[in-house]
Amino acid sequence: MKKIILAVTATAAALVGVAGPAQAQSWQSINQRQANLYHRIDQGIRTGALNRNEAIRLRSRFATLQRLESHYRRGGLTLSERRDLDQRFTTLSRSIRVQKQDRQVRR
């Protein structure tokens, strides 16, 4: 019986040890995500991958997201607010990728 408990405990510890670092590497703080998104928009403008209208729309969405985050932070971020922000950041990230790859380049 002790061997079974020891084996189960060792397996659980091994799984936690593997899952922990994988999650830690993929997680970014809200500030890191904002900086990354802003940099991607700026880089798209500099390379010409984003035209003027695309850049204006993306920056507007980015500014709206920053205002929402500021509003959420006033009372402290709840788990649902973090999830909402995460989902919105993911959506904006996808939009940036699509706009940069749509071959509508700045002239």
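Taken to the nearest 0.5 Å, the CG atom of Leu50 stands 6.0 Å off from the CG atom of Leu58. The CZ atom of Phe89 sits 6.5 Å away from the CG atom of Leu37 when rounded to the nearest 0.5 Å. Atoms CD1 and CD1, from Ile41 and Ile56 in turn, are 12.0 Å apart once rounded to the nearest 0.5 Å. The OG1 atom of Thr91 sits 9.5 Å away from atom CG of Asp86, with the distance rounded to the nearest 0.5 Å. Here CG of Leu92 is found 12.0 Å from CG of Leu85. Values are rounded to the nearest 0.5 Å. Of the inter-residue distances, the one linking Ile30 atom CD1 with Leu77 atom CG reads 5.0 Å to the nearest 0.5 angstrom.
Using a 4.5 Å heavy-atom threshold, the side chains of Arg46 and Gln43 count as touching. No side-chain heavy atom of Leu68 sits less than 4.5 Å from a side-chain heavy atom of Thr64. Side-chain contact check for Glu69 versus Asn31: some heavy-atom pair is nearer than 4.5 Å. Tyr38 is not listed as a side-chain neighbour of Gln34, based on a closest heavy-atom distance of 4.5 Å or more. Side-chain contact between Arg59 and Asp42: present, with at least one pair of heavy atoms (C-beta onward) separated by less than 4.5 Å. Annotation: side chain of Gln87 is not in contact with side chain of Arg83 (no heavy-atom distance under 4.5 Å).
The two residues Glu81 and Gly76 have their closest heavy-atom pair at OE1-O, 3.3 Å. Taking all atoms of both residues into account, the shortest heavy-atom contact from Arg40 to Arg97 is NH2-N, 3.6 Å. Contact detail for Gly44 and Lys100: the closest heavy-atom pair is CA-CE, 4.0 Å.
Between the side chains of Arg33 and Ser93, no donor N or O sits under 3.5 Å from an acceptor N or O. Between the side chains of Ser60 and Arg57, not a single donor N or O lies within less than 3.5 Å of an accepting N or O.
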